[in-house]
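The next block holds one structure in the form of structure tokens; read it before the comments.
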Amino acid sequence: MEINDLKQVAAQVRRDIVRMVHACQSGHPGGSLGCTDYLVALYFHAMKHNPKEFSMDGIGEDLFFLSNGHISPVFYSVLARSGYFPVQELATFRKLDSRLQGHPTTHEGLPGVRIASGSLGQGLSVASGAAQAKKMNNDNTVVYSLHGDGELQEGQNWEAIMFAAHHKLDNMIAAIDVNGQQIDGPTKLVMNLGSIGDKFTAFGWDVMEMDGNNMEEVVSKLAEAKGRLGKGKPVCILMHTVMGKGVDFMEGTHEWHGIAPSDAQLTLAEAQLPATLGDY
């Protein structure tokens with residue numbers, strides 16, 4: 001897709017997010033809105049994948065692992081809009097007997113979901129294992145993963161970061177959503193992460209940075225990241241985003257990490273997010 005087309009998809013995905021969370025009065029709109037541009041660019045432009053014939057093995061195609069699973073609204077919308085399952089199913093988000101659980105799970109059998117990610121801090125371990133498996137199988141495709149900055153407070157991440165560098169998993173790209181917010185407040189107040197880039201560099205990763213809410217830059221940097229693969233180091237992208245991006249009253253605050261908009265707030269949000277692809 002061209003940049004303007006990707007922007008149109010992103011606008012609809014953001015609209016899907018606020019409508020999904022409003023309908024069940026539960027969910028996490030803030031981080032979902034912030035990560036929209038990245039996931040749209042990944043699934044509609046950068047990634048080699050086959051929505052019509054989803055296979056858990058993923059042989060010969062790029063893989064994506066969502067670690068911060070609470071941002072499931074953006075993940076489900078992107079999966080549906082890219083053809084993994086019917087868009088109309090978004091209306092079942094977080095409802096009884098739905099495949100669209102609040103945090104993605106594999107036992108629901110939802111195409112596109114490769115791991116359960118309700119518990120934070122585990123995605124990088126899984127991505128590293130998948131990347132190592134691809135190397136052992138001489139499968140030259142790419143493993144992508146997405147993580148929250150607050151999520152890096154979980155110690156398991158650092159074991160995986162060390163593992164990936166030690167095994168020279170230069171077929172994986174891990175993006176960190178650096179929005180500076182988590183459910184209890186700013187990350188620097190909850191548990192200061194210091195320089196995330198310096199930490200990844202010290203652990204042996206190739207580190208990049210990008211504006212995660214600028215579609216042109218996201219597309220360009222994803223291409224650059226892919227060009228850095230195959231050189232003995234896994235790649236980390238520090239993706240600077242604004243929590244709640246696209247809805248002015250949700251932007252830049254942890255308060256919208258995990259609450260749903262009221263009827264009046266939904267109306268205000270929808271006025272800022274055009275239905276570019278048509279609502280479900």
Side-chain angles (χ1 to χ4, degrees), residues 13-14 17 21 27-42 64-78 101-105 113-128 143-161 164 172-200 203 205 207-213 218 221 225 234-246 250-259:
V13 168
R14 286 189 164 98
I17 290 166
V21 174
H28 297 77
S32 294
L33 292 166
C35 288
T36 295
D37 301 294
Y38 169 77
L39 280 169
V40 167
L42 195 64
F64 172 74
F65 295 99
L66 177 66
S67 188
N68 47 335
H70 57 278
I71 65 166
S72 60
V74 64
F75 190 34
Y76 292 147
S77 174
V78 168
Q101 295 294 306
H103 296 77
T105 62
V113 177
R114 298 187 180 279
I115 59 168
S117 51
S119 298
L120 294 174
Q122 300 178 359
L124 198 56
S125 297
V126 180
S128 298
V143 176
Y144 296 90
S145 60
L146 176 60
H147 315 264
D149 51 359
E151 182 184 6
L152 295 181
Q153 295 162 355
E154 297 277 1
Q156 182 175 337
N157 287 291
W158 300 99
E159 295 179 57
I161 292 165
M172 65 181 293
I173 300 171
I176 313 299
D177 177 23
V178 185
N179 61 25
Q181 306 290 336
Q182 59 191 101
I183 195 166
D184 290 329
T187 54
K188 65 182 180 180
L189 297 181
V190 176
M191 186 179 292
N192 197 342
L193 292 158
S195 173
I196 299 173
D198 286 348
K199 287 180 170 63
F200 270 88
F203 273 69
W205 285 58
V207 179
M208 302 171 50
E209 297 195 45
M210 74 178 181
D211 179 349
N213 294 138
V218 173
K221 292 294 186 179
V235 174
C236 169
I237 302 177
L238 301 181
M239 184 175 76
H240 299 281
T241 72
V242 174
M243 180 171 278
K245 182 67 176 180
M250 293 186 180
E251 289 186 356
T253 171
H254 73 280
E255 294 178 1
W256 285 95
H257 175 97
I259 63 172

Does the side chain of [X] reach to within under 4.5 Å of the side chain of [Y], using non-hydrogen atoms?
| X | Y | value |
| --- | --- | --- |
| Met172 | Leu124 | yes |
| Thr105 | Val113 | no |
| Val74 | Leu33 | no |
| Val218 | Met239 | no |

If the condition is side chain to side chain donor-acceptor pair (under 3.5 Å), which residues does [X] pass it with, not counting sequence neighbours?
| X | value |
| --- | --- |
| Ser128 | none |
| Ser72 | none |
| Gln181 | none |

Roughly how far, to the nearest 0.5 Å, is [atom2] of [Y] from [atom1] of [X]?
| X | Y | atom1 | atom2 | value |
| --- | --- | --- | --- | --- |
| Phe64 | Ile115 | CZ | CD1 | 9.0 Å |
| Ile17 | Thr36 | CD1 | OG1 | 3.5 Å |
| Asp177 | Leu152 | CG | CG | 10.5 Å |
| Tyr76 | Leu39 | OH | CG | 13.0 Å |
| Leu120 | Ile183 | CG | CD1 | 9.5 Å |
| Ile176 | His240 | CD1 | NE2 | 11.0 Å |

message: List the residues meeting side chain to side chain contact (heavy atoms under 4.5 Å, CB included) with Ser119, not counting sequence neighbours, and say none if there are none.
response: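 With sequence neighbours excluded, Ser119 shows a side chain to side chain contact (heavy atoms under 4.5 Å, CB included) to Gln122, given in chain and number order.
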
- prompt: For Asp211, which residues count as a side chain to side chain contact (heavy atoms under 4.5 Å, CB included) partner, sequence neighbours excluded?
  reply: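 Scan of Asp211 (side chain to side chain contact (heavy atoms under 4.5 Å, CB included), adjacent residues dropped) gives Asn213, Asn214, Glu217.
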
query: Does any N or O in the side chain of Trp205 come within less than 3.5 Å of the main-chain N or O of Ile161, such that one atom is a donor and the other an acceptor?
result: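 Such a contact is found between Trp205 side chain and Ile161 backbone.
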
field: Asp149 side chain vs Gly180 backbone, donor-acceptor pair below 3.5 Å
entry: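 Yes, Asp149 side chain to Gly180 backbone: donor-acceptor pair under 3.5 Å.
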
Quick one: closest heavy-atom pair of [X] and [Y], and the distance?
| X | Y | value |
| --- | --- | --- |
| Ala127 | Ser145 | CB-CB, 3.9 Å |
| Pro29 | Met250 | CB-SD, 4.4 Å |
| Met243 | His257 | CE-ND1, 3.8 Å |
| Pro73 | Val21 | CG-CG2, 3.9 Å |

- prompt: Can Asp37 and Arg14 be counted as an ion pair, charged N to O under 4.0 angstrom?
  reply: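 Here Asp37 pairs with Arg14 in a salt bridge, since their nearest N and O are under 4.0 Å apart.
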
field: Pair listing, side chain to side chain donor-acceptor pair (under 3.5 Å) test, anchored in residues 151-160, at least two apart
entry: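 Passing the test, one end in residues 151-160: Ser67-Glu151, Ser125-Gln156, Gln153-Gln182.
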
